[in-house]
Amino acid sequence: MTNTDALYPPIEPYETGELLVGDGNRIYWEVSGNPEGKPVVFLHGGPGSGTSPWQRRFFDPELYRIVLFDQRGCGRSTPHASEPDADLRYVTTAHLIADIDLLRRNLGIEKWQVFGGSWGSALALAYAQAHPDAVTELVLRGIFTLRRVELEWFYEGGAAALFPDLWESFIAPIPVLERSRMIEAYHRRLFDPDPAVHVPAAVAWATWEASTVTLVPDAAQIAAMSDPRAATAFARIENHFFVHRGWWEEGQLIAGVPGIRHIPTVIVQGRHDVCTPMMTAWDLHRAWPEAEFVVVDDAGHSATEPATQQALRDATDGFARA
Ligand code: STX
């Protein structure tokens, strides 16, 4: 699915499990690498995309104890948000932050590195701001903070300037009179219990995102993300978080930098990121000049591109060897 030449070789987990987090939710988790190594947790994007095995490979397996988990409702976690009558009442930012910290304590980890891209960068900032003493370092990629301007850019027409052809497919499931509020219009369809309504909407939503996150379209990534089950969970969970603006005050994550600025941090941003454009990484950099700021000139949004992978690997190698 992905060019992973810049990454470490494929590895399998030495331990996997399901964490009971309450509210009927079970969280799939796995640990790979060195059981005695430096702990790191990988926070996936979306929200709602789930983890993939290649994401273990950002970390030197001799030096890191690598924890991946699927956030509530997606990946191998249950109940899955693709179920026709899924109820996402217990899927909120506060729940995800509590799950991360419960997982940390269950694994017997006192402090860990937090690595997150895209939505994972927002969740990493929020987790670090809630639990600064549990975080040794942060590696943040494709910075996303769910501000109004970011959502309007990607889901309400800004990015149509660059992808007018793909935008037509994104707006197709929504009647013309509802197109001035796409996130809300999608919400009504994505949460309709009838698969004949929610599946095509979910596939259109996920296809828009999958088709615009790389410099060059990646057919395998688009196919994987437009699988009906994966697309339904991804689109529903993303849309649910966006309708609720992440349960944050506007600008809260960047305003919260003073509480975490002592944490060693690397920010990696693709220059041509259309999904989470560089304006947000720049605002974070301005608020947090001590954090190392790496702009990858030949990359878009996704962590599947080689130059971004190299920059992320440099960051994790640097922290492991410091
Ligand atoms: N969503 C950003 C995000 O986290 C606003 C994200 N978008 N696409 C992805 O993640 C994939 C890399 C899973 C395609």
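We count ligands from 1, going down the list as the structure has it; atoms in each ligand are counted the same way.
- Residues His198 and Asp192 have side chains that never bring a donor and an acceptor to within less than 3.5 angstrom of each other.
- Using a 4.0 Å cut-off to heavy atoms of Tyr155, the atoms of ligand 1 that qualify are 1 (N), 5 (C).
- Checking only distances, Gly46 does come within under 3.5 Å of ligand 1, N or O to N or O.
- The proximity of Ser49 to ligand 1, defined as any non-hydrogen pair under 4.0 Å, is limited to the side chain.
- Each of the following atoms of ligand 1 lies closer than 4.0 Å to a heavy atom of Glu209: 1 (N), 2 (C), 3 (C), 5 (C), 6 (C), 7 (N), 8 (N).
- Of the listed residues (Phe191, Phe170, Trp208, Phe242), just one forms a ring-ring contact (aromatic ring centres under 6.0 Å, His included) with Tyr186, and that residue is Phe170.
- Distance from atom 12 (C) of ligand 1 to its nearest protein heavy atom, with residue and atom name: Gln221 NE2, 4.0 Å.
- Here the closest heavy-atom approach between residue Val139 and residue Ala315 is recorded as CG1-CB, 4.1 Å.
- Nearest protein neighbour of atom 14 (C) of ligand 1, counting heavy atoms only, is Met225 SD, 3.1 Å.
- Relative to atom 6 (C) of ligand 1, the option among Ser118, Gly142, Gly45 with the closest non-hydrogen atom is Ser118.
- Under the 4.5 Å side-chain criterion, counting only non-hydrogen atoms from C-beta, Arg65 is in contact with Ile109.
- A heavy-atom distance below 4.5 Å is not found between the side chains of Trp119 and Glu238.
- Residues Ser121 and Arg141 bring no donor and acceptor atom of their side chains to less than 3.5 Å of each other.
- Note: Trp205 and Tyr155 meet the aromatic proximity criterion, with ring centroids under 6.0 Å apart.
- Using a 4.0 Å cut-off between heavy atoms, Glu238 contacts ligand 1 through its side chain alone, with no backbone atom that close.
- For the pair Arg72 and Tyr90, the cation-pi criterion (under 6.0 Å, within 45° of the ring axis) is not fulfilled.
- At a 4.0 Å heavy-atom cut-off, ligand 1 touches Phe242 through the side chain alone.
- Residue Trp119 approaches ligand 1 through these ligand atoms, each under 4.0 Å from one of its heavy atoms: 3 (C), 4 (O).
- Under a 4.0 Å criterion applied to the non-hydrogen atoms of Phe144, ligand 1 contributes the atoms 5 (C).
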